Every structure is written in C-alpha cells, then in structure tokens.
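For clarity, every value in this text was computed on a predicted model and none was experimentally measured. Hydrogens, waters and symmetry mates are skipped; everything else that's a heavy atom, side chains included, is used. Counting convention: from 1, in listed order, for ligands and their atoms alike.
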Amino acid sequence: MTNRDVDAVIVGAGFSGLYATHRLRNVQGLTVQCFEAGEGPGGVWYWNKYPGARCDFESIYYSYTFDEALQREWRWTERFAAQPEILAYLNHVADRFDLRRSFRFNTRVTSAVWNEETNRWTVRSDDGSVTTARFFINAAGAFSVFKKNDFPGQDDFHGTVLHTSQWPAEGVDLTGKRVAVIGTGSTGIQVIQTIAPQVGELTVFQRTPNFACPLGNRPLTDEDFAQAVADFSRNRQESRNSIAGAPYPRAVRSALMDTPEERRKVYDEFYNGGGFRMITSSYYDLIFNPVANATAADFIREQIRERVHDPKLAELLCPNDHPYGVKRATFEINYFEAFNLPHVHLVDARTTPIVRITEKGIATTDHEYEFDVIVLATGFDVGAGALARMGVIGRGGRKLTDHWAHGQRAYLGMATHGFPNLFHINGPQSAAALFNNPLAIEDSVDFVGDLIGYLDSHGHTAAEVTDLAEDRYNELVREVADATLFPTATTWYMGDNIPGKPRTPLSLFTGAPMYRAICAEVETTGYAGFSFDGENRPLSSLIKLDGSAVFFLAGLQNMGAKPLEDCTLEEARAAMESFKLMQLPVADDVSIVDARYPIDGGHRKVRLYRPPIEGPLPVVVFYHGGGWIGGSLDLYDEPCATLARRVGAVVVSPDYRLAPEHPFPAATDDAVAAVRWAADHITEFGGDPERIAVAGESAGANLAAVVALRLRDEGGPQLRAQVLITPPVDFLADTESRRQFPHGPIISMELAMRMASLYLGDPANAVSPHASPARAEDLSGLPSALVVTMEIDPTRDEAENYAQALATAGVPTVCRRIDRLCHTAFELSGAIPRAAEIHTAIAEFLTPLLSAQRAATEPALG
Ligand code: NAP
C-alpha cells in the first residue's frame, strides 16, 4: 500500500466525514486521505441495519443544507426516513460530490502520532499504509463503538446473538422464531415494534422503561415536499437557531403557568405532533424544573396506561425513576400496542437482572428463558469511543486515553489540549446530542474548516486548545448540566452506560443556539482559547461566564426572545418583568407593605420589607434597576425581601419615575424624596431613622450614588452607607470593559446607549454629576461605599474606577468583583445561584455599619 503525505486525514464516512471531505477538499482545495472501516459510505447509517432502523428527526431537516440543489433534488419518501433510504442518500452525496475517490474503505486507522519536529500527524492503518498529514480530523461519530460483552456466556449460546449495530446486510429471517431483545432505548424500541408481528415469541428484557412518544411517521406527500423546498432558506435559518436544530414551535411558557386542562391540550398537541416536539415545543422548563417536568411525565404515563391493556404490564412500562426528557428522548410506532399481542412478553430486568447467556437462552436471577435469537440493543460507548481505540498520541508522547482517564472532554467538542491540529467533528462535549446532527455536523466542519483557513492566512503551523480553555470549557459544560435535570438520571449523556467510565456530561445542554453563539464568539475573537504556535489567545466571555448564567441566556435564545436592544420600549419593559420568573420564591416571613411618599406635584408608591426581627431596625433604601426606563417594585420583591433578611433591615423600595416619560432629573428627585420620607416616617414601620443606607442595582445603583452626593450637598439626611451593585456612573466613560463586552451579556453597549439617551433627554446632561456621579469634582465626605461589580459586564471598569476615586477622596470603600457573573445576576436568583454572593457581600459590609452601637460619624472601614 502506498504511503502518502496530505493536508488532512479524515476518519469516518458518515454525515461528518463526507461533509468534511467535501468542505476541505472541494471547497478549500486541501489534499485529503479518508479512512472508513465499513465497505462504503454511511457511518452510523451503514452499520445500523437492524429491523425498524429509522431516523427520529424529519428527514427534510435531518439532511445536509450546504448545497441547495442537493436538498431540492433528493425526494424523501417518508416523513421520518428509514435506514435504507438514508444510506442511499449518503451514497448519492458521495457520488454527487465525487467523494469516494478520497476514501479507503474497509480500512481502520490503527494509530495516529503527532510528530513535534515536523508538526504533522503520522497515521497508520490496518492495510499497512502510513499517511502523514498536517491535520487529523476525527469524523468517526459518537456511536461507532457498540457495547460488547455485557453478559457472560455469549459463546455458549446455541442460537444466534446479534448486536443491532452489527446486523447482517442480507437481513435475518425471524419468522416464527423465539426472539429475545435486551434493551429498550431508541434502538430496542424500533426493533421490538418492528419484529413483534413477525416472530413466534418475543421476550423483551427491560431494565429502564422509557418515555417513548409517538414518532408520527407517514409518507411524505408531494405537497409536503414542495412546501419544504419552498421554505428551504427559512427552515435552514430557523432550524439552526432553535433548541434542537429543527423549525419546531418554540416553547415560551412555563408548564406551571397553565391550568391542568390547558396543559393537557398542549401536551396532546405536541405528543401527537411527532418527533421531538413534546420536549422542544410544549414548555421551556421541563428540562430544569422537576415540578414542571412531572406534569409531562404524568401525561406520558397516562398515555401508556391507556394504550397497554394489562394494567400490571402498563405499570412496568411506565418510567418512574427519572424525569422526562433527560434520558435521550425515544419515539415509537405502535410500540406499546405490541405488548398487547399474546406472544409478546416483558421481563423486568431491574428486579430480576440478567445473570448470563446460557446454551439455551438467557438466565435471570429467577428463571432461564429459551430462545433461537438474542438481539442486543444495549447501546454504545458514546463519545469519542472509536478515537480512544485508535492509539492517538499527541505532544510529549501523551496518549489520548490517558488524557481522558477522568472523562472525555474537548473544547467546544472539537479540540483537545496536547493534541495540536487534531479536530473532532462533534466530539465529546459538543452540543450534538441535543442538536439535529447533520446541521450540527455542518457547523462543526465549517468551524474546523474556517480555523484551518485562519491558520493558513495568518502563517501559523498548528492550533491547539490551551489547557486553561479546555479546563474552563469542561467546567462550563458541568455547570450547565448542573442547572438542568440531566445529571439526575443514569444515561449515556453522562457516560453512565459504560461500567467504569468516569461520570461526566458528554454534551453541552444549552440547545443549539447558545452552542453556536459560543463557537461564533470564539471565532470572531480570533479563536479565543486556542494557542497558535505557542501564542495563547485569552478566553471569550461566554466561556468565562458562569454556567447557570449561560443556561439562562440559552433559555432566552431557545424561546426566540428578542435581544433587549431590538425591543420597543413596551417590549423591553415586559421582557424585564419576565425575569421575575427566574427568581427564588419571596421569603414568606418578610412582611411587605405598600405606602406612599410625596414627590414634587404628587405621590408615588413605596414598598417596605421587614424581616421577623425585633426593632427598631436599620433601614436600606433600595432603588431597582431597569435602565431608568423599566423595572418595577414587583420585579424586585425577591431581591428586596432577601436583602431585608440578610441585613436584618427594613428595606424601603421606592417606585420612582421612569424615562422617557419622565427624563432626568425626575428619577433622582424621587430617589432623594424617598430617603427624606423614610427619615421622617420609618419609625412607623419599625425602622431607625438614624441608621439609613442607600442601595441600588444598575440604574438604581446610579441613583443611589447620586442620592449620596445630593444628600451630602443638600443638607441630609445623613447616610451611613451606600451600596452600588453594577452601577453605571459615567455616561461618557471609555473603558476596557465597555470595549471587551460590547454585547453584554444582557446589557449591550447599544442598549446602554439607547437607555441613556432616553433617560438623559438632553445629551448635555451626561456630564452632570447628578447623572454621572463619577464626574463630581469632590467625592469627599460621602458615606462608606460598597461597590459590587461583575467580571463580565461593560459597566465593570467605570464602577471600579469610581470605587477607586471614592477611596482616594477618603471615603471608606470596599470594591467586590464577582467573577464570571454578568449584569442583572442580582435579580436572577433562581436561575443564577451565585447571585447569593452579592447578598453575602452586602450583608458583610452593611451589618457592622448599620449596627445600633456604631455612631453615624465613626469611620467604618480603613
Ligand atoms: P441506549 O439508549 O444506550 O439504550 C440501551 C438499552 O439497553 C437501554 O434500555 C439499557 O438499559 C439497556 N441495557 C444496556 N445494558 C444492559 C444490561 N446489562 N442489562 C439490561 N439492559 C441493558 O442505546 P440505543 O438504544 O442503541 O440508542 C443509542 C443512541 O443512538 C440513542 O440514544 C440515539 O441517540 C441514537 N439512536 C437514534 C435513532 C434514531 O431514530 N435517530 C435510533 C436508534 C438510536 P438502561 O436504560 O437501564 O441502561
């Protein structure tokens, strides 16, 4: 076999390998050598020829989008195509783009070693050839290594044992046979429902029942096809920007917002709508809220009970040990009805586990069953199982298997530290597990193709993810998983299905849009997190951001929420109010009363929060955020009640006038009036007028800072402290954090500028210290200050500069930067658990300053 030197070696001829070959060879003009163990193209669709194998994404979506003509000319015959049709499609793609000539089929890669002197991979294969290449592309797929040797005694069996992924191409005649199927995942369900009518006796060994929902398959009509072709561009765009990569309706409501009757209607529609709709389109909180999830789980169990005649059998088929949707969703066509057939039996392999395979059949802990054929539908070593077996050795002689000893991980699912120029197409920790695969593959291949282009255009030899980036991404994947219910079930998503495999999330559970946003940010920031010939690029913001915040932002994207900067004023106000859904419940032992305070020409509402503590209590006047144009007392009930409990103070939350209806200085006048009212009236509410602090978040923090200045200059009342959480303090600031985080998250510079202009009215107001307190000439004599900033926030640096200026002016000042959080975290306590750190910082700061023992004039902090 001839040896070759090429630009790239590609392993695998499935959806990934075929597109990678097309993109790198046909589009980018690289030389490639591709290897495939099968005798032709197809990948997972080549190997999985078992009866009933079929796609569970609609084929008009589960197909390539890179070539419009291809999409138009391939006429799918069914809504959810069966394996032979998908295999034919992939063969067609291989021919249409002349890809076969780059492949060596029937050939396995046996080793791949990085040569540090030549900066090339040396790839050996079982045909004896040696190929050297600059890039090594792992397109072997996540399901290429099937689970073997689960049961002892397999060789003793006198009948036939078949794993579903090794099904003979010529098929197996099961007519009249006694058949066992072990496993009831996606594969087992498809096999069982398909062979049930043919076989003599069918015995299903079920360890974990699944929440299988109807697939909804039917022939694809000419009308369906014409519609798909007409909507091709829109579908492509919408698919990529929706949670699972298909243009299904978006879930925009919580399951807990609806009555049971309303929920039933929603579930009926999406359960019967087919495919992934039940999980993607019903309610957005099913994958993270156990109470919401239980409503869907109950609904599906009801369907199972209705469809299976024998109530005992129905109960056995009802999943009870995990939430719905956190094991890979499964789909069925008359699966449950198969169990109504007299010759179909179910063995509960959880209470009576399989002990071994015997000469005659299967022995469980309480019985030996006799069979002619045993079908193993027991799954795969999911992830980069195939690559782990290829003997991959990277820099410094490090084995990939050693690198992954504590769990498979890859930056963006594509790159591994210590293995330069090795790129995985949707490797471990990509988002592909929840993302329509052909689209996920195109995205991943395009990213790698672009990265290779970048290397060449910038004169670099090799790209490698930094240690730091790989670690942080791995941590992010775990944090996101922890924000969901996925870790509560034993699944291949978490690596649980292989005994001894370290438990680690093998997927980023954000849905496709956030994963794509992360990759896009990495790319547009010059491949953040990569090292080019030893030159390290810093991490990008979304990768640094706390996983719970990333998951929250992903939720907004999955719902199709408009960025605030694209909203009308009314939409922006409503969007801000909706953040209330993401808060912890309001502490119920805090009493809440409304009162009124006078402002120029009228009154406004003020809300008081009093914890269950003997008074008189110190007082914190708190101004809500909302960019001076939005926010409300209701939205801040939870943060204010929590603040009251944590500090042991009466919190006074005034409803101040908003712009643009009431531009500057209306809000600041109200903010000052509220403190004056509190000083005069707080004893009626159990507060001590001698111990008042002001506090606020975001625009509210700006007001608090302005109030501190004005009360100093306008004769009091005297304040003991000011707490400024993420305060914008200078409308004209030109800071590094503004440049670093122009897109936020949540507050982009575009939005900040728009809100500022509505608030300021006349742009000349920007220089007023009562709008931009950082522009005050004299900051001395102000009350002690706590400035809390978030690491990933455009307002960070102006706030920290202000803290520095206060300290320089002699004001006792504490500045706390909370790492990896973003603007508005304070009001998202339910979504972002680390928001509690802000309350801790405030309580630590205010408690001594507001204590009854301390005189108001005593300096608090050195
Ligand atoms: P799987 O989801 O891992 O299911 C394996 C099944 O075998 C489970 O029911 C498992 O039970 C059972 N099992 C494993 N070891 C066992 C043992 N020792 N004793 C008893 N039962 C045992 O594998 P899969 O069904 O092949 O599906 C793998 C993935 O392939 C799917 O999740 C999906 O992503 C993909 N797939 C897709 C389609 C499609 O329509 N597009 C079709 C098939 C597969 P436990 O649950 O208790 O572990």
- Message: For Tyr473, does the six-membered ring have the charged nitrogen or CZ of Arg409 within the cation-pi criterion, i.e. under 6.0 angstrom from the centroid and within 45° of the normal?
- Response: no
- Verify ring pair (Phe, Tyr, Trp, His ring centres under 6.0 Å) between Trp47 and Phe380, making sure each step is shown before the conclusion. CA-CA 12 Å; Trp47 294 102; Phe380 299 85; over 10 Å; no
- Query: Can Asp443 and Arg240 be counted as an ion pair, charged N to O under 4.0 angstrom?
  - Reply: yes
- Message: Testing Asn91, Thr21, Leu99, Leu87 one by one against Pro41 for a side chain to side chain contact (heavy atoms under 4.5 Å, CB included), which residue passes?
- Response: Asn91
- Numbered atoms and elements of ligand 1 in range of Gly379, under 4.0 angstrom, heavy atoms: 3 (O), 5 (C), 23 (O), 26 (O)
- Taking only Lys NZ, Arg NE, NH1 and NH2, and the carboxylate oxygens of Asp or Glu, determine whether Arg277 and Glu58 approach each other closer than 4.0 Å. yes
- Which option out of Trp492, Phe143, Phe205, Trp45 puts a heavy atom nearest to atom 2 (O) of ligand 1? Trp492
- Task: Determine, for Arg305 against Glu315, whether the closest basic-nitrogen to carboxylate-oxygen distance falls under 4.0 angstrom.
- Result: yes
- Atoms of ligand 1 close to Asp150 [distance to a heavy atom under 4.0 angstrom, numbered from 1]: 15 (N), 16 (C), 18 (N)
- Message: Looking at ligand 1, would Tyr50 count as a contact under a 4.0 Å heavy-atom criterion?
- Response: yes
- Kindly indicate, with the supporting measurements, whether the criterion ring pair (Phe, Tyr, Trp, His ring centres under 6.0 Å) is fulfilled by Phe331 and Phe80. CA-CA 11 Å; Phe331 302 94; Phe80 296 92; 7.7 Å; no
- Query: Any idea which protein heavy atom is nearest atom 4 (O) of ligand 1, and the distance to it?
  - Reply: Gly185 CA, 3.7 Å
- At what distance is the nearest protein heavy atom to atom 46 (O) of ligand 1, and which residue and atom is it? Lys327 NZ, 2.9 Å
- For Gly183, the ligand 1 atoms with a heavy-atom partner under 4.0 Å come out as 6 (C), 7 (O), 9 (O), 12 (C)
- Can the ring centres of Phe15 and Tyr62 be said to be less than 6.0 Å apart? yes
- For ligand 1, which atoms have a heavy atom of Phe151 less than 4.0 angstrom away? 17 (C), 18 (N), 19 (N)
- Message: If only side-chain N and O atoms count, and only distance matters, is there a donor-acceptor pair under 3.5 Å linking Tyr267 with Thr295?
- Response: yes
- Close approach, Lys147 and ligand 1, non-hydrogen under 4.0 angstrom: yes
- Item | Enumerated ligand 1 atoms positioned under 4.0 Å from heavy atoms of Arg54 | 39 (C), 40 (O), 41 (N)
- Message: Exactly one of Phe288, Tyr515, Phe551, Tyr493 should register a ring-ring contact (aromatic ring centres under 6.0 Å, His included) with Phe509. Which one does?
- Response: Tyr493
- Item | Shortest reach to atom 43 (C) of ligand 1 by a heavy atom, considering only Thr187, Val44, Asp321 | Thr187
- Query: For atom 11 (O) of ligand 1, which of Arg328, Gln83, Arg207, His163 has the closest heavy atom?
  - Reply: Arg207
- Proximity flag Cys55 to ligand 1, non-hydrogen atoms under 4.0 Å: yes
- Task: Return the residue, atom name and 0.1 Å-rounded distance of the protein heavy atom closest to atom 41 (N) of ligand 1.
- Result: Asp56 OD1, 3.3 Å
- Item | From Val347, Thr208, Asn437, Val382 - option closest to atom 47 (O) of ligand 1 by heavy atom | Thr208
- Message: Please list the nearest protein heavy atom to atom 36 (N) of ligand 1 with its residue and the distance rounded to 0.1 Å.
- Response: Ser186 CB, 3.9 Å
